**Student:** 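Got a structure for you, written out below as structure tokens; questions coming shortly.
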Amino acid sequence: MLIGLCGGICSGKHTIAEYLIQHEGFQLLGLKNRISLSIADGPEDDLRLQASEVTDGDGNQSPHLSFNNLDELLDFATKEWQGLWVTMDIWEVAALDRFLLRPFFLLVSVDAPVSLRWKRFAERCRKRQLAPPDLEKFVLWNDRNLYEKNIGRAYLTDRAQVRLFNSSSSLEELYASVKTLNLADEQRLRPSWDQYFMQLASLAALRSNCMKRRVGCVLVRDRRVISTGYNGTPRHLKNCNEGGCPRCNRGEGGGVGLSTCLCLHAEENALLEAGRERIREGAILYCDTCPCLTCTVKIAQVGISEVVYSQGYNMDQQSATILEAAGIRLRQFSPPRNGLIYLEASQTMALR
């Protein structure tokens with residue numbers, strides 16, 4: 001596994017790398033001649049902006065493997081993909097595209113409030129006996145670093161699979177937060193079957209036009225998709241979002257007036273699409289939300305063996321009781337957290 005870390009000035013990416021090295025068994029990969037975006041106003045500013053080094057647990061610079069260019073780094077990581085590696089030396093979008101093609105690569109961005117990053121940067125300067133910039137100058141440097149056309153770091157951070165918002169100033173709290181994420185979880189690289197089929201259900205939900213909520217469903221047997229479904233009005237009727245279902249368009253609460261609803265649920269559409277002869281015993285139903293009572297009795301009737309859902313509904317316990325009585329397993333699946341993740345904050349200060 002190779003984790004690439006990117007982010008703004010003093011966002012905390014070096015500290016995240018240190019955690020992975022010291023506590024998760026990762027090794028650092030770097031370039032001998034780093035390519036960096038020139039964002040400073042003069043030589044003294046360049047000195048102040050030099051990135052801090054990743055250190056080991058004793059405060060010494062962490063040992064790392066150095067390469068002449070990104071091609072060599074990528075070739076090494078490809079041959080040694082079963083190891084645990086981390087790098088912060090991916091600067092270009094074209095190079096990032098090549099890394100993202102590899103099934104062992106995970107891009108993680110780290111961000112923090114600009115005012116906090118300025119304080120961290122000022123502390124770094126003071127430790128080096130350098131005069132820190134004022135906030136206005138730092139903001140200008142930050143804007144160039146992130147948003148300079150074609151080469152700003154935002155071109156990288158926008159592509160990150162995991163985005164960490166590091167407002168924490170306590171090293172212990174930050175480490176504890178990162179530990180709970182388990183960044184080395186292989187499901188972040190290659191989804192498990194549960195995650196794969198649940199993502200297909202979520203993709204199906206994007207086709208829904210129901211004014212109440214989008215729901216998607218996938219029917220699976222022997223790890224093969226039998227059918228998919230999403231909620232909405234029946235064929236030849238007006239779409240729900242065009243006024244086809246008065247009940248949904250009135251905005252009534254969950255569970256209210258269900259007998260007047262014209263929308264077929266995602267589970268119903270998937271069951272109708274498959275037909276009982278294709279479902280048979282051993283079939284698994286994946287759905288965005290726990291099935292309602294109406295869908296639950298139909299699921300029991302057609303011989304589904306297991307129901308997997310991601311989000312609760314307002315009648316989960318009643319549905320669970322029926323499924324249990326019918327001998328159908330019900331479980332909730334929670335995939336690894338991706339996207340934007342807020343790390344815990346603290347009142348103390350100082351991460352780079």
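All of these numbers come straight from a predicted model, not from anything done at the bench.
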**Student:** Do the ring planes of Y175 and H23 sit parallel (below 30°), tilted (30 to 60°) or perpendicular (above 60°)?
**Tutor:** perpendicular
**Student:** Is there a donor-acceptor pair under 3.5 Å between the side chain of R117 and the backbone N or O of I9?
**Tutor:**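 Yes.
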**Student:** For E136, does the CD atom sit with more than 12 other heavy atoms under 6.0 Å from it, leaving out its own atoms?
**Tutor:** no
**Student:** Could you state whether W193 and V225 fall into the same hydrophobic cluster, counting links through intermediate Ile, Leu, Val, Met, Phe, Trp or Tyr residues with side-chain heavy atoms under 4.5 angstrom apart?
**Tutor:** yes
**Student:** Answer yes or no: is there a donor N or O on one side and an acceptor on the other, between the side chain of N249 and the main chain of C245, under 3.5 Å?
**Tutor:** yes
**Student:** Testing the basics here: between Y19 and E24, what is the closest heavy-atom pair and its distance to 0.1 Å?
**Tutor:**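 Y19 and E24 have their closest heavy atoms at OH-OE2, 2.7 Å.
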**Student:** One pair to check against side chain to side chain contact (heavy atoms under 4.5 Å, CB included): L200 and T228. What are the steps and the verdict?
**Tutor:** CA-CA 8 Å; L200 290 180; T228 64; 5.9 Å; no
**Student:** Could you tell me whether the side chain of N166 and the main chain of S11 form a donor-acceptor pair under 3.5 Å?
**Tutor:** yes
**Student:** Is it possible for you to say whether L323 and V218 belong to one hydrophobic cluster, with membership spreading through side-chain heavy-atom contacts below 4.5 Å?
**Tutor:**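 Hydrophobic grouping puts L323 apart from V218.
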**Student:** Could you check whether any side-chain N or O of Q332 sits under 3.5 Å from a backbone N or O of Y309, counting only pairs where one atom can act as donor and the other as acceptor?
**Tutor:** no
**Student:** Identify the heavy atoms of D89 and L31 that sit nearest to each other, and give their distance.
**Tutor:** OD2-N, 2.8 Å
**Student:** Take H265 and T289, measure what side chain to side chain contact (heavy atoms under 4.5 Å, CB included) needs, and give me the verdict at the end.
**Tutor:** CA-CA 11 Å; H265 290 191; T289 60; over 6 Å; no
**Student:** Does R159 come within less than 4.0 Å of D97, counting only side-chain N to carboxylate O?
**Tutor:** yes
**Student:** Report yes or no: does T233 contribute a side-chain atom to a donor-acceptor pair with the main-chain N or O of K238 at less than 3.5 Å?
**Tutor:**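 Such a contact is found between T233 side chain and K238 backbone.
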**Student:** Enumerate the salt bridge (charged side-chain N to carboxylate O under 4.0 Å, His left out) contacts for residues 304-324, please, sequence neighbours excluded, ordered by first and then second residue.
**Tutor:** E306-R329, E306-R331
**Student:** So, taking the atom named CG in D111 and the one named OG in S167, what distance separates them when rounded to the nearest 0.5 Å?
**Tutor:**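 D111 CG to S167 OG: 10.5 Å, rounded to 0.5 Å.
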**Student:** For the backbone of C240 and the side chain of N209, can you confirm whether one donor and one acceptor N or O come within less than 3.5 Å of each other?
**Tutor:**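 Judged by distance alone, yes, a pair lies under 3.5 Å.
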**Student:** Are V302 and V297 linked, directly or through other ILVMFWY residues, by side chains that come within less than 4.5 angstrom of each other?
**Tutor:** no
**Student:** Hey, what's the ring geometry for F67 with F76, parallel, tilted or perpendicular (30° and 60° as the breaks)?
**Tutor:** tilted
**Student:** Measure the CZ-SG distance between F138 and C125 for me, rounded to the nearest 0.5 Å.
**Tutor:** 9.0 Å
**Student:** Hey, does the side chain of T260 reach the backbone of R247 with a donor-acceptor pair shorter than 3.5 angstrom?
**Tutor:**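 No; zero donor-acceptor contacts below 3.5 Å.
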**Student:** Counting only N and O atoms by type, is there a donor-acceptor contact under 3.5 Å from the side chain of R126 to the main-chain atoms of P132?
**Tutor:**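 No, the answer is negative, given that no donor and acceptor are paired below the 3.5 Å cut-off.
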**Student:** Hey, quick one: are W81 and I90 part of the same hydrophobic cluster, counting side-chain heavy atoms closer than 4.5 Å, chains of contacts allowed?
**Tutor:**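 Yes: a chain of side-chain contacts under 4.5 Å links W81 to I90.
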**Student:** List the steps, then state whether side chain to side chain contact (heavy atoms under 4.5 Å, CB included) holds for R188 with V108.
**Tutor:** CA-CA 11 Å; R188 297 186 185 279; V108 177; over 6 Å; no
**Student:** Output the distance between atom OG (S66) and atom CG (L29), rounded to the nearest 0.5 Å.
**Tutor:** 9.0 Å
**Student:** To check you understand the geometry: which heavy-atom pair defines the closest contact between N269 and G229, and what is its length?
**Tutor:** CB-CA, 4.1 Å
**Student:** Tell me, with the steps shown, if I16 and L174 meet side chain to side chain contact (heavy atoms under 4.5 Å, CB included).
**Tutor:** CA-CA 8 Å; I16 301 295; L174 177 66; 4.2 Å; yes
**Student:** Look at atom CZ of R207 and say whether more than 12 heavy atoms of other residues, nucleotides or ligands are closer to it than 6.0 Å.
**Tutor:** no
**Student:** For A205 and G216, which heavy atoms make the closest approach, and how far apart are they?
**Tutor:**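 The answer is CB-N, 3.4 Å.
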**Student:** Could you point out which residue of L74, L73, N68, N69 forms a side-chain contact (heavy atoms from CB on, under 4.5 Å) with D71?
**Tutor:**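 Testing D71 for a side-chain contact (heavy atoms from CB on, under 4.5 Å) against L74, L73, N68, N69 leaves exactly one candidate, N69.
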**Student:** Whether the side chain of D185 engages the backbone of Q187 through a donor-acceptor N/O pair (distance < 3.5 Å, no angle test) should be reported.
**Tutor:** yes
**Student:** Looking only at non-hydrogen atoms, find the nearest pair between S202 and D288 and report the distance.
**Tutor:** OG-OD1, 3.2 Å
**Student:** Short question: side chain of N231, backbone of R213 - any donor-acceptor pair under 3.5 Å?
**Tutor:**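 The answer is yes, because a donor-acceptor pair under 3.5 Å joins these two groups.
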**Student:** Please tell me if the side chains of H64 and I21 come closer than 4.5 Å, counting only heavy atoms from C-beta onward.
**Tutor:** no
**Student:** Output the distance between atom CE (M1) and atom CG (L20), rounded to the nearest 0.5 Å.
**Tutor:**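 The distance works out to 9.0 Å.
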**Student:** How many angstroms lie between CZ in F99 and CD in E92, if you round to the nearest 0.5 Å?
**Tutor:**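 Interatomic distance, F99 CZ to E92 CD, rounded to 0.5 Å: 10.5 Å.
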**Student:** Where do P133 and W118 come nearest, in terms of heavy atoms and distance?
**Tutor:** O-NE1, 3.0 Å
**Student:** Taking CD in E186 as the centre, count heavy atoms belonging to other residues, nucleotides or ligands within less than 6.0 Å. Is the count above 12?
**Tutor:** no
**Student:** If only side-chain N and O atoms count, and only distance matters, is there a donor-acceptor pair under 3.5 Å linking D194 with Y286?
**Tutor:**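 On atom types as modelled, these side chains qualify, holding a pair under 3.5 Å.
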**Student:** What distance separates R280 CZ from I304 CD1, expressed to the nearest 0.5 Å?
**Tutor:**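 Atom-to-atom, R280:CZ and I304:CD1 are 11.5 Å apart.
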**Student:** Does R120 come within less than 4.0 Å of E123, counting only side-chain N to carboxylate O?
**Tutor:** no
**Student:** Answer yes when K298 and E267 have at least one side-chain N-carboxylate O distance shorter than 4.0 Å, and no when they do not.
**Tutor:** no
